[in-house]
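The structure appears right after this line, and notes come after that.
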Amino acid sequence: MKFVVILLFVFTLCGCSSLSNTGQQNEDDFSKNMNSGKSAMKNEYYRAALHYFRLAKIDKPNDKDLEVLLNMANENIKKELNNMKMPEPDPAIYHLTEDSSWRDKELAKLDEHSIRDQGTDNNGDTFEDIVTQKELSTSAPDQVDYEQVFIDWRKNYHQ
């Protein structure tokens, strides 16, 4: 009987120890993700910041400061998308020539916007997915050329 009580006591201590370690790990993960997100925001990598803030939200779902930062990242992404320069449509895809009408060219540009906002490439990735991956893999001082990222992504777009 004493042996059973001792075993229960040992298992209880082990369980409490692992719970405190888990709590500390969550706090460390939260801090790491918050710092990474703030750094990404500072460098105007809003999609990467959103990624890190979402990871931080797993560890502290009710953090007020985190909610503010998530909203800021989302708003900046919306502004950035609205201001993002769109490349001219690829004439080979749209069968446009220099002789094509102004209307045909404008319709092609609208199609480019639609593809950017809703389309997927051959791998099933949206343009937002590709930009997020690019931002997450680019070091802070490097600048992402979003127009070139779009052109590269567009080459793999399927219709």
With side-chain contact (heavy atoms from CB on, under 4.5 Å) as the test, would you mind laying out the steps for Tyr46 and Leu50 before giving the verdict?
CA-CA 6 Å; Tyr46 302 116; Leu50 187 63; over 6 Å; no
If every non-hydrogen atom of [X] is compared with every non-hydrogen atom of [Y], which pair is closest and at what distance?
| X | Y | answer |
| --- | --- | --- |
| Phe30 | Asp59 | N-OD2, 3.5 Å |
| Phe150 | Phe127 | CA-CE1, 3.3 Å |
| Ala49 | Met41 | CB-CG, 3.4 Å |

Kindly compute the distance separating [atom1] ([X]) from [atom2] ([Y]), expressed to the nearest 0.5 Å.
| X | Y | atom1 | atom2 | result |
| --- | --- | --- | --- | --- |
| Ile115 | Thr126 | CD1 | OG1 | 13.5 Å |
| Glu27 | Lys32 | CD | NZ | 13.5 Å |
| Ser36 | Phe53 | OG | CZ | 9.5 Å |
| Asn76 | Arg47 | CG | CZ | 10.0 Å |

Salt bridge check: are Glu75 and Lys78 linked by an N-O gap of less than 4.0 Å?
yes
Will you find, in the side chains of [X] and [Y], an N or O donor that is under 3.5 Å from an N or O acceptor?
| X | Y | result |
| --- | --- | --- |
| Thr132 | Asp129 | no |
| Asp28 | Ser31 | no |
| Asp29 | Gln25 | yes |

Given the rule in the side-chain contact (heavy atoms from CB on, under 4.5 Å) test, do Asn123 and Asn156 qualify, once you have shown the distances and angles that lead to the verdict?
CA-CA 8 Å; Asn123 299 323; Asn156 294 318; 5.6 Å; no
Hydrophobic cluster membership, with links at side-chain heavy-atom distances under 4.5 Å among I/L/V/M/F/W/Y: are [X] and [Y] in one?
| X | Y | result |
| --- | --- | --- |
| Leu55 | Leu136 | yes |
| Leu66 | Met72 | yes |
| Tyr45 | Tyr52 | no |

Here's a test for you: under side-chain contact (heavy atoms from CB on, under 4.5 Å), which of Lys57, Lys64, Met34 qualifies with Leu69?
Met34
Please step through side-chain contact (heavy atoms from CB on, under 4.5 Å) for the pair Leu70 and Arg54, ending with a clear verdict.
CA-CA 8 Å; Leu70 277 165; Arg54 285 178 177 161; 4.3 Å; yes
For [X] and [Y], indicate whether the former's side chain and the latter's backbone hold a donor-acceptor pair under 3.5 Å.
| X | Y | value |
| --- | --- | --- |
| Trp153 | Asp125 | yes |
| Ser39 | Asn35 | no |
| Asp111 | Leu107 | no |

Would you say that Asn33 contacts His51 through its side chain, given a criterion of any heavy-atom pair below 4.5 Å between the two side chains?
no
